[in-house]
Undergrad: 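Provided herewith is a single structure, encoded as structure tokens, for subsequent inquiry.
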Amino acid sequence: KDGDLGEFVDVDKDGILEFIGNDWTFSYWNASFAGSPAPQVILEYKDGEYQLALEKMRKPLDEVYYEKFLKDTKLSKVNATTNANSGWSNGEIVAPSEVWKYMLDLIYSGHSQEAFTLIDTIWPTGIKGKEDFLKDFKSQLSESPFWKDIKSIL
């Protein structure tokens, strides 16, 4: 559950408990704590340690609401009425934390290709910074305690 430390649950009903928690790597990354995404993770005990249970975290794409997000999400140009501190910004455009929240949801549910296609889809034509955003995002993601497992699916 959000805000919890996590819990042990037999996710796949095989008699072995998995741990369900969150990855807090993006806490305060270009957002307030309340606006920081913390994707749910499922860990399984394997090879003497708890590791991401990537197959147990997989969800069908339609459960992650991809099309709705594409329709509803807009990046905004920085101007006098835009708060450049309300998300990732290069001084020209602001990407709200909902963007990387959704990218993380896609990655952690087995749809990493769609996470990066999402940026290509929503980034306004002619506005610089997409590559910088992706570099910053991947750099922050590499700080995750689960990076060893995450990088294998990117």
Side-chain angles (χ1 to χ4, degrees), residues 1-9 11-12 16 18-76 86-154:
K1 297 177 207 171
D2 290 340
D4 289 345
L5 294 176
E7 61 184 329
F8 287 94
V9 177
V11 172
D12 54 4
I16 300 170
E18 289 80 24
F19 181 80
I20 299 177
N22 298 88
D23 183 351
W24 293 98
T25 300
F26 282 82
S27 295
Y28 295 106
W29 187 74
N30 295 300
S32 67
F33 183 76
S36 298
Q40 185 181 73
V41 295
I42 300 174
L43 307 177
E44 61 187 345
Y45 195 74
K46 189 165 72 173
D47 300 327
E49 64 182 358
Y50 277 94
Q51 302 174 13
L52 276 186
L54 294 168
E55 286 305 312
K56 294 175 185 175
M57 292 168 46
R58 182 173 290 282
K59 295 178 185 173
L61 186 57
D62 63 346
E63 282 186 28
V64 193
Y65 309 112
Y66 187 57
E67 293 301 322
K68 180 179 180 345
F69 183 84
L70 288 176
K71 187 175 77 176
D72 294 347
T73 302
K74 304 287 183 246
L75 303 184
S76 42
S86 61
W88 179 94
S89 179
N90 63 356
E92 199 172 337
I93 192 165
V94 176
S97 63
E98 290 81 13
V99 172
W100 59 91
K101 177 198 181 305
Y102 196 67
M103 290 176 71
L104 292 167
D105 287 347
L106 285 166
I107 291 167
Y108 282 57
S109 64
H111 304 284
S112 58
Q113 183 60 45
E114 288 82 357
F116 296 102
T117 300
L118 164 87
I119 292 301
D120 290 334
T121 305
I122 66 171
W123 203 273
T125 305
I127 301 294
K128 296 178 185 173
K130 179 172 68 172
E131 291 77 18
D132 292 334
F133 169 78
L134 289 172
K135 181 178 144 221
D136 292 350
F137 172 82
K138 289 176 184 176
S139 176
Q140 186 65 25
L141 186 58
S142 74
E143 298 295 318
S144 171
F146 311 112
W147 177 243
K148 177 181 72 140
D149 298 315
I150 294 168
K151 70 180 176 181
S152 71
I153 60 171
L154 292 181

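Note that the structure is predicted; figures quoted are calculated from it, not measured.
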Undergrad: Is the backbone N or O of Ala31 less than 3.5 Å from a side-chain atom of Ser97, with the two atoms forming a donor-acceptor pair by type?
TA: no
Undergrad: Side chain of Tyr102, backbone of Val64: donor and acceptor closer than 3.5 Å?
TA: yes
Undergrad: Taking all atoms of both residues into account, what is the closest heavy-atom pair of Leu141 and Tyr108, and its distance?
TA: CD1-OH, 4.0 Å
Undergrad: State, with a plain yes or no, whether a side-chain heavy atom of Leu134 is found less than 4.5 Å away from one of Lys130.
TA: yes
Undergrad: Any side-chain to backbone donor/acceptor pair from Glu143 onto Thr25? Under 3.5 Å, distance only.
TA: no
Undergrad: Would you say the ring centroid of Tyr45 lies under 6.0 angstrom from that of Phe19?
TA: no
Undergrad: To the nearest 0.5 Å, tell me how far Met103 CE sits from Lys138 NZ.
TA: 8.0 Å
Undergrad: A side-chain contact here means heavy atoms from C-beta on lying under 4.5 Å apart; do Ile107 and Pro39 qualify?
TA: no
Undergrad: Which value, rounded to the nearest 0.5 Å, describes the distance between Trp147 atom CH2 and Asp23 atom CG?
TA: 11.5 Å
Undergrad: Kindly indicate whether the side chain of Lys148, heavy atoms from C-beta on, has any atom under 4.5 Å from the side chain of Leu52.
TA: no
Undergrad: Taking the side chain as every heavy atom from C-beta outward, state whether Phe146 and Tyr50 have any pair of such atoms under 4.5 Å apart.
TA: no
Undergrad: Any chance you could measure Ile153, atom CD1, to Met57, atom CE, to the nearest 0.5 Å?
TA: 7.0 Å
Undergrad: Can you tell me how far apart CG (Asp132) and CZ (Phe137) are? Round to the nearest 0.5 Å.
TA: 15.0 Å
Undergrad: Measure across Ser152 and Asp149 and return the closest heavy-atom pair with its distance rounded to 0.1 Å.
TA: OG-O, 2.6 Å
Undergrad: Is it true that, when you exclude Lys56 itself, more than 12 heavy atoms of the residues, nucleotides or ligands shown sit nearer than 6.0 Å to its NZ?
TA: yes
Undergrad: Using modelled atom types only, decide if a donor and an acceptor are shared between the side chain of Ser109 and the backbone of Leu106 within a distance under 3.5 Å.
TA: yes
Undergrad: Search all heavy atoms of Leu75 against all heavy atoms of Pro96 and return the closest pair with its distance.
TA: CD2-CD, 3.8 Å
Undergrad: NZ of Lys71 to OG1 of Thr121: how many Å apart, nearest 0.5 Å?
TA: 15.0 Å
Undergrad: Could you tell me whether the side chain of Asn90 reaches within less than 4.5 Å of the side chain of Phe133, counting heavy atoms only?
TA: no
Undergrad: Which atom names give the shortest non-hydrogen contact between Trp100 and Ala95, and what distance separates them?
TA: CZ3-O, 3.2 Å
Undergrad: Nearest 0.5 Å, please: how far is CD in Glu67 from CG in Asp72?
TA: 11.0 Å
Undergrad: Find out whether Asp136 and Asn30 are in side-chain contact, i.e. whether some heavy atom of one side chain is under 4.5 Å from a heavy atom of the other.
TA: no
Undergrad: State, yes or no, whether a side-chain contact exists between Leu61 and Glu114 at a heavy-atom distance under 4.5 Å.
TA: yes
Undergrad: Using modelled atom types and a 3.5 Å cut-off, is there a donor and acceptor pairing between side-chain atoms of Glu18 and backbone atoms of Ile42?
TA: no
Undergrad: Please check if the number of heavy atoms outside Gln51 that lie under 6.0 Å from its CD is greater than 12.
TA: yes
Undergrad: Identify the two heavy atoms, one from Ser36 and one from Tyr28, that lie closest to each other, and give their separation to 0.1 Å.
TA: OG-N, 2.8 Å
Undergrad: Ignoring hydrogens and geometry, is there a side-chain-to-backbone donor-acceptor pair from His111 to Asp105 under 3.5 Å?
TA: no
Undergrad: So, for Gly129 and Trp88, which heavy atoms are closest and what is the spacing to 0.1 Å?
TA: O-CH2, 3.5 Å
Undergrad: Output all residues satisfying side-chain contact (heavy atoms from CB on, under 4.5 Å) with Ile16, sequence neighbours left out; order by chain, then residue number.
TA: Asp14
Undergrad: Does atom NZ of Lys101 have more than 12 heavy-atom neighbours from other groups under 6.0 Å away?
TA: no
